[in-house]
Amino acid sequence: MALTGRTALLAALGSLPVGILAPSWAGMLAVNAPLSLAILCDYALAAPVRTLQFTRSGDTSVRLGDGAEVQLTVTNPSRRRLRAQLRDAWPPSSWLPGTEQASSRQRLTVPAGERRRLTTSLRPTRRGDRRAERITVRSFGPLGLAARQGHHEVPWTVRVLPPFTSRKHLPSRLARLRELDGRTSVLTRGEGTEFDSLREYVPGDDTRSIDWRATARQTTVAVRTWRPERDRHILIVLDTGRTSAGRVGDVPRLDASMDAALLLTALASRAGDRVDLLAYDRRLRAQVQGRSAGDVLPAVVEALAPLEPELVETDARGLAATALARAPRRSLIVLLTSLDAAPIEEGLLPVLPQLAQRHTLLVASVADPHVTRMAAARGTIEAVYEAAAATQTQSQRTRTADQLQRHGVTVVDATPDTLAPALADAYLALKAAGRL
């Protein structure tokens, strides 16, 4: 039997997609045919969602802590005016906490056959790749009583790079490097291994630097000055195993190690040395090799951006073998890892002779400043026990560092805020001593 009148209208309304009509309308439809007809007409006049066309443009990378903007162009090829609410979905870490809803939802109107551009402002809170998920559009009719809804996949990726907060220390370390390199009026004594020039002796100079032949030819005592060697090979090795996942303050140890690696890369490349990088736990996670001085820092930043700690025990033998393969001739190997006793004694120490025989080794580790504060705490029984535990932890780290130093390894153990400049200073000290 054919449906007529109000029954036919309700049947037509019942065929609308679920969620189009607000729940509050359900009881009214059966008793208010004119309103039902208005809603149906409003739905019919809403611009279709499936035919909409989308394109993206804008930023593809941003430093952690900075903002990025991605433009979305919406084209309406239909003959109806688009009145819509749009949600541009990104991962939650693409915005500061509490700002996702305001940043991802926008209203727009696009006349028939025209296009409009929207801007989505991102403020990522984590490193790595942030990928746009999908765009959901709710197209309203002229009266705003009903709407069509659908979604489109419009891919876009924004790579969130490490913040490189330690770059503020670069100018002072470059000034020190110029002193070592003899490009300023400050003269250094007996440093480096390449002869630079002769100058007059001043009290305090190393007598081993006196050039007796040159002194015999003139009326003053002459000493040799040296400049650090260039074109040395620096291999930075990041341990991405389980110990790198531990948080110190607000960031994982791996992030603090990355910041130190970036400062060292910038400094060493300016010094004329060649810098390579590898990240390893049980397999190779990232590597940068054979880049020129101008390209190495951007390449290292790109390689570190998506890197995350792996909750596995680092294979020290595999790490050593990989490092030796990447450094066929004598190099400075900088290992950013933990100074915890167990990983060092069971993992690194057995392979240390193999590495130390061929290369100069520098081990850098992130220390927890909270342990220092605990060690100084007093006043209550709980504080005393905490101080005892912290002191024991510090003693273990000191013993581990001493074990490494007895094998000729330079050790840097510093808090997250001071690790990067401390590592840069250790590099400059090795360079000044002619050990590179």
Side-chain angles (χ1 to χ4, degrees), residues 232-246 252-254 256-258 260-261 264-265 268 273-290 300 303-304 307-367 393 395-414 419 422-423 426-427 429-431 433 435-436:
R232 303 294 92 184
H233 182 221
I234 315 297
L235 178 61
I236 301 174
V237 182
L238 273 176
D239 179 359
T240 57
R242 65 169 184 83
T243 56
S244 68
R253 281 187 167 90
L254 180 60
S257 298
M258 286 182 180
L264 180 58
T265 299
D273 293 332
R274 295 179 296 105
V275 182
D276 291 339
L277 174 135
L278 64 88
Y280 194 94
D281 41 70
R282 287 192 174 276
R283 63 180 179 86
L284 187 64
R285 300 289 178 178
Q287 67 173 335
V288 175
Q289 193 171 13
V300 169
L304 295 181
L307 204 60
E308 296 292 343
E310 299 292 332
L311 299 182
V312 296
E313 199 70 41
T314 300
D315 177 12
R317 293 187 181 277
L319 186 149
T322 304
L324 290 172
R326 298 299 188 280
R329 62 187 182 92
R330 188 165 187 83
S331 308
L332 170 63
I333 296 181
V334 179
L335 175 59
L336 290 146
T337 186
S338 168
L339 273 184
D340 293 344
I344 293 293
E345 293 174 358
E346 298 174 10
L348 183 60
L349 285 179
V351 300
L352 199 58
Q354 184 182 10
L355 290 171
Q357 183 178 4
R358 294 176 52 181
H359 303 289
T360 301
L361 296 183
L362 193 161
V363 173
S365 181
V366 181
T393 300
S395 299
Q396 289 177 344
R397 292 179 70 89
T398 301
R399 286 197 299 270
T400 302
D402 290 341
Q403 283 182 295
L404 294 174
Q405 289 168 346
R406 284 196 292 271
H407 287 81
V409 178
T410 301
V411 178
V412 175
D413 187 21
L419 178 64
L423 179 59
Y427 162 77
L430 290 172
K431 203 169 186 63
R435 292 182 58 189
L436 298 187

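In this chain, residues are counted from 1 in sequence order.
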Can you tell me how far apart [atom1] ([X]) and [atom2] ([Y]) are? Round to the nearest 0.5 Å.
X: Ile236; Y: Leu362; atom1: CD1; atom2: CG; result: 10.5 Å
X: Leu304; Y: Leu254; atom1: CG; atom2: CG; result: 8.0 Å
X: Arg283; Y: Asp315; atom1: CZ; atom2: CG; result: 13.0 Å
X: Ser257; Y: Leu335; atom1: OG; atom2: CG; result: 9.5 Å
X: Asp273; Y: Thr265; atom1: CG; atom2: OG1; result: 11.5 Å
X: Leu404; Y: Leu361; atom1: CG; atom2: CG; result: 9.0 Å

Which heavy atom of [X] sits nearest to which heavy atom of [Y], and what is that distance?
X: Val366; Y: Ala256; value: CG2-CB, 3.9 Å
X: Leu307; Y: Ala286; value: CD1-CB, 4.2 Å
X: Pro252; Y: Ser244; value: CB-O, 3.9 Å
X: Ala364; Y: Leu423; value: CB-CD1, 4.1 Å
X: Ala426; Y: Val412; value: CB-CG2, 3.7 Å
X: Leu419; Y: Ser365; value: CD1-O, 3.5 Å

Assess the residue pair Thr243 and Arg253 against the criterion (side chain to side chain contact (heavy atoms under 4.5 Å, CB included)); give the C-alpha distance rounded to whole Å, side-chain angles, the decisive distance to 0.1 Å, and a yes or no.
CA-CA 8 Å; Thr243 56; Arg253 281 187 167 90; 5.8 Å; no
Go through the steps for Val411 and Thr400 under the test side chain to side chain contact (heavy atoms under 4.5 Å, CB included), then give the verdict.
CA-CA 10 Å; Val411 178; Thr400 302; over 6 Å; no
Could you walk me through whether His359 and Leu324 pass the side chain to side chain contact (heavy atoms under 4.5 Å, CB included) test, one step at a time?
CA-CA 9 Å; His359 303 289; Leu324 290 172; 3.7 Å; yes
Without placing hydrogens or testing angles, list every side-chain donor-acceptor pair under 3.5 Å for residues 337-358, not counting sequence neighbours.
unit_1: Thr337; atom_1: OG1; unit_2: Asp239; atom_2: OD2; d: 2.7
unit_1: Ser338; atom_1: OG; unit_2: Asp340; atom_2: N; d: 3.0
unit_1: Ser338; atom_1: OG; unit_2: Asp340; atom_2: OD1; d: 3.4
unit_1: Ser338; atom_1: OG; unit_2: Asp340; atom_2: OD2; d: 3.1
unit_1: Arg358; atom_1: NH2; unit_2: Pro328; atom_2: O; d: 3.3

Any side-chain heavy atom of [X] sitting closer than 4.5 Å to one from [Y]?
X: Val334; Y: Tyr427; result: no
X: Arg330; Y: Thr360; result: yes
X: Arg282; Y: Glu310; result: no
X: Leu332; Y: Arg232; result: no

Taking it one step at a time, do His233 and Asp276 satisfy side chain to side chain contact (heavy atoms under 4.5 Å, CB included)?
CA-CA 8 Å; His233 182 221; Asp276 291 339; 2.9 Å; yes
Has Thr240 got a side-chain atom pairing as donor or acceptor with Tyr280's backbone, closer than 3.5 angstrom?
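Yes, Thr240 side chain to Tyr280 backbone: donor-acceptor pair under 3.5 Å.
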